[in-house]
Amino acid sequence: MVRNFGKKADLLERVKVIRNEARACQGMVMRDELKKMKRVLRHLGHVDANGVIQMKGRTACEINTAHELVVVELVFCGVFNDLSVEQSVALLSCMTFDERMKEEDGDPAKGLKSYLSSPFYKLQDCARTVAKATLACKLELDEDEFIGKFNPGLMEAVFAWCKGAKFVDVQKL
């Protein structure tokens, strides 16, 4: 009985040591990921070489409902400058519409009017910029999957709703 108790105590001690080693390894992995994320922010101009947050970084901090880095790229690239309020709101609907697009559809903007497809293509370009920066900093990301997350499926309905269309008419879109 005493031997079994001694074995149990030894095993519990080994478990404790192994858990501490596992936590240390996990901390190293997380630290590497954090360094890579910092590089992405530097690459995109959100922080400078000294780690000081720049205007783009401060702007990203204020965005909390969508892909912050992509929205900031849209803002700082001037995409919203030439858009009407309705077009801007329709474009931002791509950030929150989670429904997956079908693979066989090809071009997700197919069927959109030019006044909506043009901003959507600019959104895709900004998303591609963020994806390339992420990949350049050796963070794992599937570029096509990331860009595919932005679904223009609600753009026409949101645009019509903002223009004052009746809800019944918007539902038909």
**Q.** Residue from Ser118, Ser117, Pro119 passing side-chain contact (heavy atoms from CB on, under 4.5 Å) with Leu112
**A.**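 Looking at Ser118, Ser117, Pro119, the match for Leu112 under the side-chain contact (heavy atoms from CB on, under 4.5 Å) is Ser117.
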Of the non-hydrogen atoms in [X] and [Y], which two are nearest, and what is the gap between them?
X      : Y      : value
Ala127 : Phe146 : O-CE2, 3.5 Å
Pro152 : Cys94  : CA-SG, 3.7 Å
Ile63  : Glu68  : O-CG, 3.0 Å

Quick one: [atom1] on [X] to [atom2] on [Y], what's the gap to the nearest 0.5 Å?
X      : Y      : atom1 : atom2 : value
Leu41  : Lys56  : CG    : NZ    : 10.5 Å
Asp48  : Ile53  : CG    : CD1   : 10.0 Å
Ser114 : Tyr121 : OG    : OH    : 10.5 Å
Leu74  : His67  : CG    : NE2   : 11.5 Å
Leu116 : Met155 : CG    : CE    : 4.5 Å
Ile147 : Leu141 : CD1   : CG    : 8.5 Å

(Q) One pair to check against side chain to side chain contact (heavy atoms under 4.5 Å, CB included): Arg128 and Lys132. What are the steps and the verdict? (A) CA-CA 6 Å; Arg128 193 168 284 110; Lys132 287 186 186 304; 3.7 Å; yes
Q | Within one Ile-Leu-Val-Met-Phe-Trp-Tyr cluster: Val158 and Val85, side-chain cutoff 4.5 Å | A |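 Yes; Val85 is reachable from Val158 via cluster members.
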Q | Step-by-step side chain to side chain contact (heavy atoms under 4.5 Å, CB included) determination, Glu143 to Leu135 | A | CA-CA 8 Å; Glu143 184 177 343; Leu135 290 169; 3.9 Å; yes
Could you check whether any side-chain N or O of [X] sits under 3.5 Å from a backbone N or O of [Y], counting only pairs where one atom can act as donor and the other as acceptor?
X      : Y     : answer
Lys138 : Lys36 : no
Gln54  : Val52 : yes
Gln87  : Ser84 : yes

Q. Parallel, tilted or perpendicular: which fits the ring planes of Phe159 and Tyr115, with parallel below 30° and perpendicular above 60°?
A.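 If you compare the ring of Phe159 with that of Tyr115, the planes turn out tilted.
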Q: Quick one: do Val79 and Leu123 satisfy side chain to side chain contact (heavy atoms under 4.5 Å, CB included)? Show the steps, please.
A: CA-CA 8 Å; Val79 172; Leu123 165 65; over 6 Å; no
Q: Kindly determine whether Met37 and Leu139 satisfy side chain to side chain contact (heavy atoms under 4.5 Å, CB included), including the steps that lead there.
A: CA-CA 8 Å; Met37 289 177 189; Leu139 279 169; 3.8 Å; yes
Q. Any Lys/Arg nitrogen of Lys122 or Asp125 sitting under 4.0 Å from an Asp/Glu carboxylate oxygen of the other?
A.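 Asp125 and Lys122: not salt-bridged.
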